[in-house]
Amino acid sequence: MHHFRYVSHKLHCEDVDLAAVAQLHGTPTYVYSAQTITDNYRRLAASLTGLDLRICYAMKANSNLAVLRHFANLGAAFDLVSGGELRRVLAAGGRAQDSVFAGVGKTEAEIQLALEAGVYGFHVESEPELARINHVAGQLGRKAPIAIRINPNVDAKTHAKITTGKSENKFGIPLTVAAEAYAAAAKYPHLQLRGVQMHIGSQLTTVAPFVEAVEKVLPFVQQLKRDYGIQYFSVGGGLGIVYQDALASGAQAWWDAQPAGERPLTPEVYGAALKPLLAPLGLKILLEPGRFLVGNSGVLLSRVEYLKRGSGKNFLILDAAMNDLVRPAMYDAYHELVPLVRDTARPALKADIVGPICESGDCFAKDRTLQQLGEGEYVAFLSAGAYGYTMASRYNTRAMAAEVLVSGARFELVNARESFETMVAGEKIPGFLKT
Ligand SMILES: *Cc1c(COP(=O)(O)O)cnc(C)c1O
């Protein structure tokens, strides 16, 4: 469930009229609903009550400092994947000591930063990484807490670019050699074996792959607890969300309307399936959800620049582009597009929804039907809160979008639109080109 709905035909985020935000701060602008994040967080936590649970929000989904602070206020820790993300946690006032550091390519500098911040666990993806973390910890006179990422070789049945738990993916260590990896890790003097980790992919819409993966690694996790006294099992993230969301009725009503066998995954289904498997372990359970917590909490506001009528094809040309929201171009992702002012009296318009970038791939949707729209009117891409702004680029020298956070009737700019000056601040023309 989310807090975007029409009030008198005007799309609102909580109690804020989004057209007012677009007029005040311009477009493209991301807008996030604090209450939606709160609801998602509490709902997920509630679905796993009874476990010794820690939710480490996978901040690569949306790492705006205000969003991170909101998560910290809710009691969340963080799943981070770079030194930059760690610095964001610290800058937002988040608890690095409860957070975990993932990723296949941690540099020495990043490892040092994470050791100094006292992260709860390094999620190790290879044997050379064990050696490197041990080396850096030794130099600092510390013991690094680690968990090895197990690749259970389970098909997450999601998009090829976001599946991570198959043996052909670059992630983790195969279950077949995981025991050797732990034995090797135990020999390093500056490592402490604190946990075990897995993450099989993103945007999973059925619970079966999660269950299969947990069942597959469970005996090994029990073995690790006996042999090394590990404290935690991180089951990763990956809970999918509903992108095809009939806004008029809200996500829950849409979900209820689906035939029972075709309903997408909910935290309740996820929790009910995993709790009986995880509870008997007697370990701390870490969850690393990203998309589920923030995906439906955000929209991308955009302005219609032109309606170009072609022969047999219309193009609605927006001021947002693939650099602002890359998911459709990169993952063939679907995003709902709705007008900020709904007018049911208008005729329908069928058009390709495109941005201004010089790439055929700069297309958000093909043959989408929505109400007739024209220059200067505003639209919103729904469910753009995850992997939206964080994957944005400056391609075509387009500035990074603005970001706004809403809470009730209040809203505040939490990231100013980038200026040309800051975009080129690091660039210079070398002396040898100056004639
Ligand atoms: C990306 C990632 C997540 C979060 O994935 P979501 O699909 O956004 O929940 C969690 N854990 C790891 C290790 C990741 O790489």
Side-chain angles (χ1 to χ4, degrees), residues 37 40-41 43-45 47-48 54-63 67-68 71 76-82 84-86 89 99-106 110 114 119-126 129 146-152 154 156-166 169-173 195-207 209-210 213-214 217 232-243 264-267 270-271 274 285-298 326-327 330-331 333 383-391:
I37 294 174
N40 289 340
Y41 181 84
R43 184 176 172 195
L44 183 58
S47 76
L48 289 155
R54 180 183 297 172
I55 295 180
C56 294
Y57 163 58
M59 61 183 283
K60 70 177 189 279
N62 185 330
S63 58
V67 170
L68 299 186
F71 273 111
F78 300 92
D79 174 61
L80 50 101
V81 292
S82 71
E85 285 197 347
L86 175 54
V89 170
S99 300
V100 291
F101 184 14
V104 296
K106 302 175 193 73
E110 288 176 322
V119 297
Y120 183 66
F122 287 86
H123 290 173
V124 178
E125 304 242 7
S126 66
E129 191 189 329
I146 64 132
I148 293 177
R149 178 169 179 175
I150 309 297
N151 184 331
V154 165
K157 298 195 171 58
T158 183
H159 192 281
K161 285 184 187 161
I162 49 177
T163 191
T164 59
K166 289 281 285 173
N169 301 129
K170 69 180 174 184
F171 300 102
I173 287 178
V196 58
Q197 200 269 350
M198 67 174 195
H199 171 72
I200 58 173
S202 197
Q203 184 53 16
L204 272 71
T205 51
T206 62
V207 78
F210 288 114
V214 169
V217 303
Y232 76 89
F233 178 21
S234 171
V235 297
L239 259 98
I241 63 165
V242 176
Y243 280 98
L265 186 54
T266 63
Y270 176 85
L274 291 191
I285 301 299
L286 266 57
L287 233 52
E288 304 164 358
R291 185 190 316 268
F292 172 77
L293 294 175
V294 291
N296 70 355
S297 79
V326 77
R327 298 189 65 259
M330 190 148 141
Y331 306 118
S383 297
Y387 306 104
Y389 186 91
T390 52
M391 294 185 92

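Just so it is clear, the values below take in all heavy atoms, side chains as well, and ignore hydrogens, waters and symmetry mates. Just follow the structure's listing: the first ligand is 1, and inside any ligand the first atom is 1.
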Taken to the nearest 0.5 Å, the spacing of Gln197 CD from Ile150 CD1 works out to 9.0 Å
On a heavy-atom basis, the closest approach of Asn151 and Phe171 is ND2-O, 2.9 Å
Could you check whether the rings of Phe101 and Phe122 sit parallel, tilted or perpendicular, using 30° and 60° as the cut-offs? tilted
ask   = Are any of the N/O atoms in Gly238 less than 3.5 Å from those in ligand 1?
value = yes
Quick note on ligand 1: atoms under 4.0 Å from a heavy atom of Asp79 include exactly 10 (C), 11 (N), 12 (C)
Query raised in the report: Backbone N or O of His199 within a donor-acceptor pair of the Arg149 side chain at under 3.5 Å?
Result: yes
Requested in this report: Answer yes or no: does an N/O atom from Ala58 fall short of 3.5 Å to an N/O atom of ligand 1?
Outcome: no
*Say whether, by atom type as modelled, one donor and one acceptor occur between the side chain of Glu110 and the main chain of Lys106 under 3.5 angstrom.*
no
Numbered in order shown, the ligand 1 atoms found under 4.0 Å of a heavy atom of Gly237 are 9 (O), 10 (C)
Give a yes-or-no answer on whether the side chains of Glu288 and Ser234 include a donor-acceptor pair shorter than 3.5 Å. yes
Ligand 1 atoms nearer than 4.0 angstrom to some heavy atom of Ser202 are 6 (P), 7 (O), 8 (O)
Counting from 1 in the order shown, the ligand 1 atoms closer than 4.0 Å to a non-hydrogen atom of Arg291 are 6 (P), 8 (O), 9 (O)
Under 30°, 30 to 60°, or over 60°: which ring-plane class applies to His123 and Tyr232, parallel, tilted or perpendicular? tilted
Ligand 1 atoms nearer than 4.0 angstrom to some heavy atom of Pro289 are 9 (O)
If you compare Lys60, His199, Glu288, Met59 by their heavy atoms, the one closest to atom 1 (C) of ligand 1 turns out to be Lys60
shortest atom 8 (O) of ligand 1-to-protein heavy-atom contact is with Tyr387 OH, 2.6 Å
